[in-house]
S.K.: 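The following block contains the structure, expressed as structure tokens.
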Amino acid sequence: MNYIALIGDIIDSKKIADRGQAQQKLLALMKELNQKYQQWLVSPFTVTTGDEFQALLKPNTQLFQMIDDLVLAFAPHQIRFGIGLGKMLTDINPKQSIGSDGPAYWRAREAINRIHAKNDYGSNHLAVSLENEESSQLINSILAACSFIKGKWTPSQLEILQCLLAQGIYDEGFSNKKIAELLGVSPSALNKRIKASGLKIYLRNKRQAMDLILKEAEREDDHVS
């Protein structure tokens with residue numbers, strides 16, 4: 001079976017004024033994610049060092065939603081993420097993501113290294129690594145475009161995504177009227193924010209990237225069987 005391994009590390013953690021407080025905040029967020037997304041977790045989000053964490057998941061449609069949940073909650077500190085798809089060669093620990101090994105984690109580490117090597121002038125903090133390099137490059141191009149879009153958002157535009165995540169929504173087909181009510185703005189004002197931000201393009205592309213990862217997971221499983 002293919003798994004999705006996720007490795008994250010805090011960017012410039014040594015420059016954080018209160019590292020202890022940041023680490024405690026990260027631990028609290030790990031606990032929240034483990035509860036919110038437990039149905040997809042094979043090994044839970046686990047802090048492996050003071051600055052790094054990882055998790056092992058079943059292939060699922062909510063991966064990028066999890067990541068944005070964490071990114072927004074951990075702001076202003078930034079995190080880089082590496083996603084790997086593949087098998088596991090050792091026993092999987094269902095209580096913490098420590099001690100297990102296999103291609104899924106190897107590729108997640110490769111993806112982290114890609115971000116270190118090329119982060120598009122600091123705008124991109126997310127990469128994937130799959131067995132199929134052509135698919136990896138395509139997905140990473142989509143993700144880089146998403147990061148560029150998001151990097152241009154104003155606080156009021158970012159607030160829309162925060163509202164969507166709070167409602168458990170991570171898809172472009174949301175109700176503008178409902179979100180406008182939750183944000184306390186007029187539908188026309190919200191429409192202007194959405195149009196200027198490219199939010200729906202961002203969510204559409206994230207969905208496309210996730211669909212490509214899931215198709216690759218199925219392809220690899222079919223190949224093995």
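Computed from a prediction, not measured in an experiment: that's the story for all the values here. Hydrogens, waters and symmetry mates play no part in the numbers below; they use all other heavy atoms, side chains included.
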S.K.: For a 4.5 angstrom cut-off between non-hydrogen side-chain atoms, does Pro44 reach Met30?
M.R.: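 Side-chain contact under 4.5 Å: no.
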S.K.: For a quick test of reading the model, state the closest non-hydrogen atom pair linking Ile92 to Ser100 and the distance between them.
M.R.: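 Of all heavy-atom pairs spanning Ile92 and Ser100, the closest is CA-OG, 3.4 Å.
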S.K.: Look up atom NZ in Lys215 and atom CD1 in Ile213, then write down how far apart they are to the nearest 0.5 Å.
M.R.: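 Here the interatomic distance stands at 12.5 Å.
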S.K.: Please report the closest heavy-atom contact between His125 and Ser147, naming both atoms and the distance.
M.R.: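 Of all heavy-atom pairs spanning His125 and Ser147, the closest is N-OG, 4.4 Å.
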S.K.: Do you know which two heavy atoms are closest between Ala104 and Ala5, and how far apart they sit?
M.R.: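 Minimum heavy-atom separation between Ala104 and Ala5: O-CB, 3.4 Å.
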S.K.: Does a donor on one side chain and an acceptor on the other come within less than 3.5 Å for Ser197 and Gln157?
M.R.: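 Absent: no donor and acceptor within the cut-off.
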S.K.: Should Ile83 and Ile10 be regarded as members of a common hydrophobic cluster, given that ILVMFWY residues are connected when their side-chain heavy atoms come within less than 4.5 Å of each other, either directly or indirectly?
M.R.: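 Yes.
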S.K.: Can a salt bridge be assigned to the pair Asp51 and Lys14 using a cut-off of 4.0 Å between side-chain N and carboxylate O?
M.R.: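 Salt bridge: no.
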S.K.: Backbone N or O of Ser135 within a donor-acceptor pair of the Asn132 side chain at under 3.5 Å?
M.R.: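 Pair found, side chain donor or acceptor close to backbone of Ser135.
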S.K.: Side chains of Tyr37 and Asp69: do they bring a donor and an acceptor to under 3.5 Å?
M.R.: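 Yes - a donor-acceptor pair under 3.5 Å links their side chains.
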S.K.: Please check: side-chain N/O of Gln96 versus main-chain N/O of Thr46, any donor-acceptor pairing under 3.5 Å?
M.R.: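 Pair absent, no side-chain N/O of Gln96 close to backbone of Thr46.
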S.K.: As an exercise, state the distance from CG of Leu29 to NZ of Lys31, rounded to the nearest 0.5 Å.
M.R.: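 So the CG of Leu29 and the NZ of Lys31 are separated by 12.0 Å.
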S.K.: When the ring planes of Phe53 and Phe45 are compared, do they come out parallel, tilted or perpendicular, using 30° and 60° as the limits?
M.R.: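 The arrangement is tilted - the two ring planes meet at 30° to 60°.
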S.K.: Which distance, rounded to the nearest 0.5 Å, do you find between the OH of Tyr3 and the CG of Leu85?
M.R.: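 Result: 12.0 Å between the selected atoms.
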S.K.: Do side-chain atoms of Lys25 reach the backbone of Ala73 as a donor and acceptor pair under 3.5 angstrom?
M.R.: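 Side chain of Lys25 to backbone of Ala73: a pair is present.
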S.K.: Please name the residue in the list Lys200, Arg204, Arg207 that meets the side-chain hydrogen bond (donor to acceptor under 3.5 Å, both in side chains) test with Glu172.
M.R.: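 For Glu172, the side-chain hydrogen bond (donor to acceptor under 3.5 Å, both in side chains) test succeeds with only one of Lys200, Arg204, Arg207, which is Arg204.
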S.K.: Please test Leu6 against Met66 for side-chain contact (heavy atoms from CB on, under 4.5 Å), starting from the C-alpha separation and ending with a verdict.
M.R.: CA-CA 11 Å; Leu6 177 65; Met66 296 180 206; 5.9 Å; no
S.K.: Decide if atom CG of Asp18 counts as having more than 12 heavy atoms of other residues, nucleotides or ligands within a radius under 6.0 Å.
M.R.: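 It does: Asp18 CG has more than 12 such atoms within range.
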S.K.: Under 6.0 Å from the CD atom of Gln21, do we count more than 12 heavy atoms belonging to anything else shown?
M.R.: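 No, because the 6.0 Å sphere around CD of Gln21 holds 12 heavy atoms or fewer from other groups.
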S.K.: If you compare all heavy atoms of Leu164 against all heavy atoms of Ile179, which two are closest, and at what distance to 0.1 Å?
M.R.: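 Scanning both residues, the minimum pair turns out to be CD2-CD1, 3.6 Å.
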S.K.: Tell me the closest heavy-atom pair linking Ile160 and Leu190, and the distance in Å.
M.R.: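 Heavy-atom minimum between the residues: CD1-CD1, 3.7 Å.
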S.K.: Are Gln23 and Val47 packed together at the side-chain level, in the sense that at least one heavy-atom pair is separated by less than 4.5 angstrom?
M.R.: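 Gln23 vs Val47: side chains apart.
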S.K.: When you look at Leu138 and Glu134, which way does the side-chain contact (heavy atoms from CB on, under 4.5 Å) test go after all the steps?
M.R.: CA-CA 6 Å; Leu138 173 59; Glu134 185 177 344; 6.0 Å; no
S.K.: Look only at the side chain of Ser129 and the backbone of Ala108, and say whether a donor-acceptor pair between them is shorter than 3.5 Å.
M.R.: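 Checked: no pair found.
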S.K.: Quick check for you: to the nearest 0.5 Å, what is the distance between Asp68 atom CG and Tyr170 atom OH?
M.R.: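 It is 3.5 Å, given to the nearest 0.5 Å.
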S.K.: Would you find a donor on one side and an acceptor on the other, under 3.5 Å apart, between the side chain of Asn60 and the backbone of Lys58?
M.R.: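 A pair under 3.5 Å: yes.
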S.K.: Counting N and O atoms only, with roles assigned by atom type, does the side chain of Asn140 sit under 3.5 Å from a partner on the main chain of Val128, one being a donor and the other an acceptor?
M.R.: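 Yes, because the side chain of Asn140 sits within donor-acceptor range (under 3.5 Å) of the backbone of Val128.
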S.K.: Tell me whether Leu33 is reachable from Ile98 by hopping between hydrophobic residues (I, L, V, M, F, W, Y) whose side-chain heavy atoms are closer than 4.5 Å.
M.R.: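 No; tracing contacts between hydrophobic side chains, which count when under 4.5 Å, never links both residues.
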S.K.: Which heavy-atom pair separates Asn124 from Leu143 by the least distance, and what is that distance?
M.R.: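 Result for this residue pair: OD1-O, 4.2 Å.
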S.K.: With distance as the sole test, does Asn2 use its side chain to make a donor-acceptor pair with the main-chain N or O of Ala217 at under 3.5 Å?
M.R.: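 Checking the backbone N and O of Ala217 against the side chain of Asn2, a donor-acceptor pair under 3.5 Å is found.
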S.K.: Around atom CD of Glu133, are there more than 12 heavy atoms from other residues, nucleotides or ligands closer than 6.0 Å?
M.R.: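 Atom CD in Glu133 is crowded, with more than 12 foreign heavy atoms closer than 6.0 Å.
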S.K.: For the pair Arg193 (side chain) and Ser156 (backbone), establish whether a donor and an acceptor sit closer than 3.5 Å, ignoring hydrogens and angles.
M.R.: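 Confirmed, Arg193 side chain pairs with Ser156 backbone.
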S.K.: Treat each ILVMFWY residue as a node, draw an edge where side-chain heavy atoms are under 4.5 Å apart, and state whether Leu70 and Ile11 are in one component.
M.R.: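 Each belongs to a different hydrophobic cluster.
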S.K.: Which distance, rounded to the nearest 0.5 Å, do you find between the CG of Asn191 and the NZ of Lys177?
M.R.: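 Spacing of CG (Asn191) from NZ (Lys177) equals 12.5 Å.
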S.K.: Could you walk me through whether Leu72 and Leu158 pass side-chain contact (heavy atoms from CB on, under 4.5 Å), step by step?
M.R.: CA-CA 9 Å; Leu72 294 182; Leu158 188 62; 3.6 Å; yes
S.K.: With side chains defined as the heavy atoms from C-beta onward, is the minimum distance between Lys150 and Val71 less than 4.5 Å?
M.R.: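 Heavy-atom side-chain distance check passes, below 4.5 Å.
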S.K.: Could you give me the CA-CA distance, side-chain angles and deciding distance for Arg107 and Glu110, then say whether salt bridge (Lys or Arg N to Asp or Glu O under 4.0 Å) is met?
M.R.: CA-CA 5 Å; Arg107 290 174 185 149; Glu110 289 174 4; 5.5 Å; no
S.K.: When hydrophobic residues are tied together by side-chain contacts of less than 4.5 Å, even through go-betweens, does Leu89 share a cluster with Tyr105?
M.R.: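 Unlinked, Leu89 and Tyr105 end up in two clusters.
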S.K.: Mark yes or no for whether Ser43, through its side chain, and Asn93, through its backbone, hold a donor-acceptor pair below 3.5 Å.
M.R.: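 Flag set: sc Ser43 to bb Asn93 pair under 3.5 Å.
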S.K.: Between CH2 of Trp106 and CE of Met88, what distance do you get to the nearest 0.5 Å?
M.R.: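 Atom-to-atom, Trp106:CH2 and Met88:CE are 9.5 Å apart.
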S.K.: Less than 4.0 Å between a side-chain N and a carboxylate O, is that true for Glu216 and Arg219?
M.R.: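 Answer for the salt bridge query: yes.
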S.K.: Could you check if a side-chain atom of Pro187 sits within less than 4.5 angstrom of a side-chain atom of Asn176, using non-hydrogen atoms only?
M.R.: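 A side-chain contact under 4.5 Å is absent here.
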S.K.: Test Gln62 against Gln39 for side-chain contact (heavy atoms from CB on, under 4.5 Å), laying out the working first.
M.R.: CA-CA 11 Å; Gln62 294 184 297; Gln39 63 177 316; 4.1 Å; yes
S.K.: Do Phe148 and Ile194 sit in one hydrophobic cluster, given that two such residues count as connected whenever their side-chain heavy atoms are within less than 4.5 Å of each other, even indirectly?
M.R.: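 No: no chain of side-chain contacts under 4.5 Å links Phe148 to Ile194.
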